[in-house]
Each structure stands twice: as C-alpha cells, then as structure tokens.
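Counting starts at 1 for both ligands and their atoms, in listed order.
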Amino acid sequence: MSVDVYSEKASCERLLSVHRWTDKLLTFRTTRPAGYRFTAGQFARLGLEVDGEIVSRAYSITSAESGEELEYYAIIVPGGKFTTRLDAMQPGDPVWVEKLSYGFMTADRFTDGSQLWMLATGTGLGPYLSILQQKDVWEKFQDLVVVHCVRNREELAYADKFDALRAQAQANGLPARLHYLQSVTRESGDDAVLSGRITTLLRDGGLERATGLAIDAAHSRFMACGNPEMVTEVREILRERGMTPLRRTGGGQFVTEDYW
Ligand SMILES: Cc1cc2nc3c(=O)[nH]c(=O)nc-3n(C[C@H](O)[C@H](O)[C@H](O)COP(=O)(O)OP(=O)(O)OC[C@H]3O[C@@H](n4cnc5c(N)ncnc54)[C@H](O)[C@@H]3O)c2cc1C
Ligand SMILES: NC(=O)c1ccc[n+]([C@@H]2O[C@H](COP(=O)([O-])OP(=O)(O)OC[C@H]3O[C@@H](n4cnc5c(N)ncnc54)[C@H](OP(=O)(O)O)[C@@H]3O)[C@@H](O)[C@H]2O)c1
C-alpha cells in the first residue's frame with residue numbers, strides 16, 4: 001500500500017526505544033497517537049515503510065490502557081518483510097500506527113468464573129502483560145494464571161515483570177493470586193521451570209499440579225495466544241472438557257488469538 005493511502009487510516013508515530021532480550025526477541029515502544037484508545041488484550045496494526053510501500057502487521061499491545069506510550073513484544077522472523085525492517089530501526093525512526101485498535105481477546109468479556117488461565121507460546125505473552133496492568137482483572141478473578149511456553153530458557157522474557165505486578169497488586173490490596181508458570185520444550189526443566197508443551201501440560205494435569213488449581217467449566221476461563229497449532233489443540237482439549245468459545249450473547253469459557 002502506498003504511504004498516501006495508508007496515511008488516511010494511520011498516524012505517523014516515532015520509535016522511542018528498543019530493548020533486546022535475545023538476538024531475535026525485542027520489546028519496542030512507540031509514541032501513542034493522539035486520542036488512541038484500546039482495551040487491554042487488543043492489538044495495534046503497525047506500518048513500516050519498505051521500498052516506498054507500507055508493510056503493515058498486527059502487534060499486541062503490552063502496555064497499560066492508560067500508558068503514555070505504546071509497547072510491543074516482538075520476534076524477528078528470518079526473512080520476514082516487516083521484522084527485517086524493524087530489526088534495523090533506531091529510536092526516532094517513523095512507525096505508522098493505525099488509528100483503530102483490534103481484537104476480541106479481552107478479559108472484560110468474561111462475565112463469570114474464578115480462575116483466568118492465560119496460555120502463551122513465544123511472543124503470545126504480550127496481551128497478558130497489558131491485561132495484568134488493569135486493576136479490574138485482579139478484582140474479577142481469584143486466581144490469575146500465566147503460562148509461558150518457549151523453546152529455550154533465554155526466551156523467557158518479562159519474568160521479573162510478573163513479580164513486580166504481583167507486588168504492586170498486593171500493595172494495592174487487590175485480592176487475586178497470580179501464578180506465573182514457565183515451560184521450555186527444547187531443553188530440560190527443573191524445580192522452577194516446567195518442561196513440555198502447554199498442550200501436554202494441560203492434558204496430563206501438569207498445569208493443575210503446578211498451581212494447585214482444578215480446571216473445570218464452572219470456574220476456569222481461558223485465553224490462548226501465539227502459535228496457531230497450539231491454539232487449535234488447546235481449543236480441542238477445552239472442548240473435550242465441556243468448554244466452548246466465549247459468545248457475544250453470553251456463555252462460553254475461552255477466547256483465543258492466532259499470531260499467524
Ligand atoms: C492478531 C495478531 C497479533 C500479533 N501480535 C504479535 C506480537 O505481539 N508480536 C509478534 O512478534 N508478532 C505478532 N504477530 C505476528 C506479526 O503480525 C507478524 O506476522 C510478524 O511480525 C512477522 O511479520 P514479517 O513480515 O516479518 O514476517 P512474515 O513474512 O509475515 O512471516 C510470517 C511467518 O513468521 C512466523 N511468525 C510470525 N509471527 C510470529 C511470532 N510472533 N512468533 C513466532 N513465529 C512467528 C510464522 O511462521 C509465519 O508464517 C501478530 C499477528 C496477529 C495476527
Ligand atoms: N521455518 C519454519 O518452518 C519455522 C517454523 C516455526 C517457526 N519458525 C521461526 O522460528 C522462530 C521461532 O518462534 P518461536 O519459537 O517463538 O515460536 P514457536 O515455534 O511457535 O515455538 C514457541 C513454543 O510453542 C511450542 N509449540 C509449537 N507448536 C506447538 C503446538 N502445536 N502445540 C503446543 N505447543 C507448540 C514450541 O514447542 P516445540 O519446541 O515443541 O516446537 C515452543 O515451546 C520464529 O522466527 C519463526 O518464524 C520457523
């Protein structure tokens with residue numbers, strides 16, 4: 001798409017900072033368009049100029065709804081059009097941000113349940129970082145469970161952030177318990193880090209053992225985000241347990257988002 005056409009629906013913002021977790025995982029921040037609104041869990045569509053054309057891609061927002069800036073967590077995909085450009089960018093460079101926010105994976109859509117399970121592979125962790133910065137979710141659920149599954153330990157980004165969120169919630173007298181589980185699939189686990197795919201741990205009871213929580217349709221609500229094959233398998237497992245997707249008209253226990 002040409003820059004002229006894209007500029008009708010997007011705002012030209014600036015890259016503010018880049019934090020590198022590994023050679024291919026990074027957190028970046030942009031300025032926030034004036035009047036930009038989103039609900040925690042939603043994604044922005046970002047545009048970068050590559051060879052005179054705009055390449056646009058979806059990025060979950062990791063920052064709080066009230067944040068002055070917008071933050072995102074990204075992987076550099078080998079040969080990827082958008083991320084090859086992103087990888088080379090410097091603070092001050094332009095980033096287009098579409099004026100609308102998108103997506104339905106938001107916690108406010110759950111009307112009941114006492115446990116919110118937030119399952120992520122890789123960069124699928126992003127939306128949960130935003131969701132956990134909203135006070136409402138800590139009031140609505142008794143147990144908040146984040147499960148982050150990656151290939152290798154070095155990809156367990158944001159681990160310290162969960163301790164900070166827990167401490168902040170306690171300091172503010174918010175009642176929910178935050179369980180943060182990490183799992184790796186291409187090296188062995190230990191006492192602190194589980195070993196195995198989310199789908200395996202969901203099927204064999206590993207997630208329930210690690211949290212001391214029982215999963216059932218009455219109490220458990222789920223979000224799953226990241227690798228589309230993981231998302232599909234999680235949906236199948238939850239259906240086998242009597243759960244259904246969240247419906248606009250009410251009812252349902254899970255909502256998911258595929259990243260590709
Ligand atoms: C709703 C939604 C939200 C998204 N949010 C994020 C986000 O917060 N962070 C993020 O890094 N990406 C996110 N993505 C993916 C992102 O939009 C792009 O696909 C990604 O940046 C690659 O773009 P590209 O042009 O460099 O590569 P492309 O040429 O588009 O390459 C696509 C291929 O790269 C792989 N791939 C793409 N994204 C990922 C990923 N996140 N993790 C692992 N492999 C991947 C897949 O094999 C895919 O087929 C999201 C996608 C969707 C649909
Ligand atoms: N060239 C390719 O064909 C190809 C394919 C995939 C990814 N990639 C690239 O490699 C990079 C890796 O990205 P990433 O590691 O963040 O993402 P990822 O490949 O989705 O892996 C993240 C985690 O998801 C797990 N997972 C994968 N499929 C699953 C499934 N069906 N059910 C449950 N869990 C599943 C992985 O386990 P496992 O370790 O068991 O897989 C891993 O722990 C990206 O840049 C991507 O573009 C390339």
Side-chain angles (χ1 to χ4, degrees), residues 1 18-30 38-51 53-63 70-89 95-98 100-106 119-131 147-158 181-189 193-204 206-207 223-238 255-260:
M1 188 184 293
V18 177
H19 171 77
R20 291 186 184 266
W21 302 94
T22 67
D23 59 345
K24 60 178 183 160
L25 288 173
L26 52 90
T27 288
F28 64 100
R29 288 180 161 255
T30 66
F38 73 98
T39 302
Q42 285 194 300
F43 60 92
R45 288 199 66 88
L46 306 182
L48 296 181
E49 200 178 324
V50 180
D51 300 331
E53 293 281 304
I54 295 288
V55 177
S56 83
R57 294 286 186 269
Y59 276 89
S60 297
I61 300 167
T62 62
S63 41
L70 295 175
E71 185 187 281
Y72 321 87
Y73 175 44
I75 186 162
I76 305 302
V77 173
K81 221 170 178 181
F82 185 99
T83 52
T84 299
R85 176 78 192 94
L86 177 68
D87 200 22
M89 286 179 58
V95 179
W96 292 86
V97 180
E98 291 189 20
L100 296 177
S101 51
Y102 303 88
F104 302 102
M105 207 184 65
T106 59
L119 314 183
T121 54
T123 52
L125 186 70
Y128 309 140
L129 293 159
S130 180
I131 287 169
V147 186
H148 192 199
C149 181
V150 295
R151 295 180 181 190
N152 301 103
R153 259 162 223 270
E154 61 165 18
E155 296 162 345
L156 290 166
Y158 283 103
L181 305 184
Q182 304 172 319
S183 185
V184 289
T185 50
R186 302 205 182 182
E187 58 186 285
S188 46
V193 178
L194 298 168
S195 164
R197 288 182 164 191
I198 280 179
T199 41
T200 308
L201 295 166
L202 191 54
R203 275 193 201 284
D204 71 9
L207 298 184
M223 293 177 161
C225 184
N227 184 305
E229 286 165 17
M230 177 278 292
V231 168
T232 301
E233 283 179 47
V234 165
R235 293 169 68 94
E236 284 166 12
I237 297 167
L238 297 180
V255 59
T256 60
E257 194 157 82
D258 292 347
Y259 267 9
W260 65 91

Closest protein heavy atom (residue, atom, distance) for [atom]:
| atom | result |
| --- | --- |
| atom 13 (O) of ligand 2 | Ile75 CD1, 3.5 Å |
| atom 10 (C) of ligand 1 | Tyr59 CE2, 3.4 Å |
| atom 47 (O) of ligand 2 | Val77 CG1, 3.5 Å |
| atom 27 (O) of ligand 1 | Gly80 CA, 3.3 Å |
| atom 31 (N) of ligand 2 | Glu233 OE2, 3.2 Å |

Residue part near ligand 2, for Tyr259, under 4.0 Å between non-hydrogen atoms: neither

Location of contacts on Val150 toward ligand 2, heavy atoms closer than 4.0 Å: backbone

Just to confirm, does any protein heavy atom lie below 4.0 Å from [atom]?
| atom | value |
| --- | --- |
| atom 7 (C) of ligand 1 | yes |
| atom 5 (C) of ligand 2 | no |
| atom 37 (O) of ligand 2 | yes |

Contact partition for [X] relative to ligand 1, non-hydrogen atoms under 4.0 Å:
| X | answer |
| --- | --- |
| Thr83 | both |
| Phe43 | side chain |
| Trp260 | side chain |

Would you say [Y] and [X] are linked by a side-chain donor-acceptor pair, where the criterion is simply a distance under 3.5 Å?
| X | Y | result |
| --- | --- | --- |
| Tyr72 | Thr123 | no |
| Arg151 | Thr185 | no |
| Thr27 | Trp21 | yes |
| Arg235 | Thr256 | yes |
| Ser60 | Tyr259 | yes |
| Glu154 | Thr22 | no |

Have a look at [options] and point out the one with the heavy atom closest to [atom].
| atom | options | value |
| --- | --- | --- |
| atom 39 (O) of ligand 2 | Arg151, Arg186, Glu187 | Arg186 |
| atom 29 (C) of ligand 2 | Arg197, Glu229, Glu155, Lys24 | Arg197 |
| atom 23 (C) of ligand 2 | Cys149, Ala224, Gly79 | Cys149 |
| atom 23 (O) of ligand 1 | Lys81, Arg45, Arg57 | Arg57 |
| atom 22 (C) of ligand 2 | Leu202, Val231, Thr121 | Thr121 |

Within-cut-off N or O pair, Thr185 and ligand 2, under 3.5 Å: yes

Which ligand 1 atoms, with their elements, are less than 4.0 angstrom from a heavy-atom of [X]?
| X | result |
| --- | --- |
| Asp258 | 52 (C), 53 (C) |
| Tyr73 | 7 (C), 8 (O), 9 (N), 10 (C), 11 (O) |
| Ile75 | 11 (O), 39 (C), 40 (C), 41 (N), 42 (N), 43 (C) |

Heavy-atom side-chain proximity of Glu257 to Phe43 below 4.5 angstrom: yes

Check: Leu70 and Val97 side chains under 4.5 Å, non-hydrogen atoms: yes

Verdict with supporting geometry, Arg20 and Asp87, salt bridge (charged side-chain N to carboxylate O under 4.0 Å, His left out): CA-CA 10 Å; Arg20 291 186 184 266; Asp87 200 22; 2.8 Å; yes

Passing option when Glu233 is tested against Leu202, Leu238, Thr199 for side-chain contact (heavy atoms from CB on, under 4.5 Å): Thr199

Ring centers of Tyr128, Tyr158 separated by less than 6.0 Å: no

N or O pair under 3.5 Å between Thr123 and ligand 1: yes

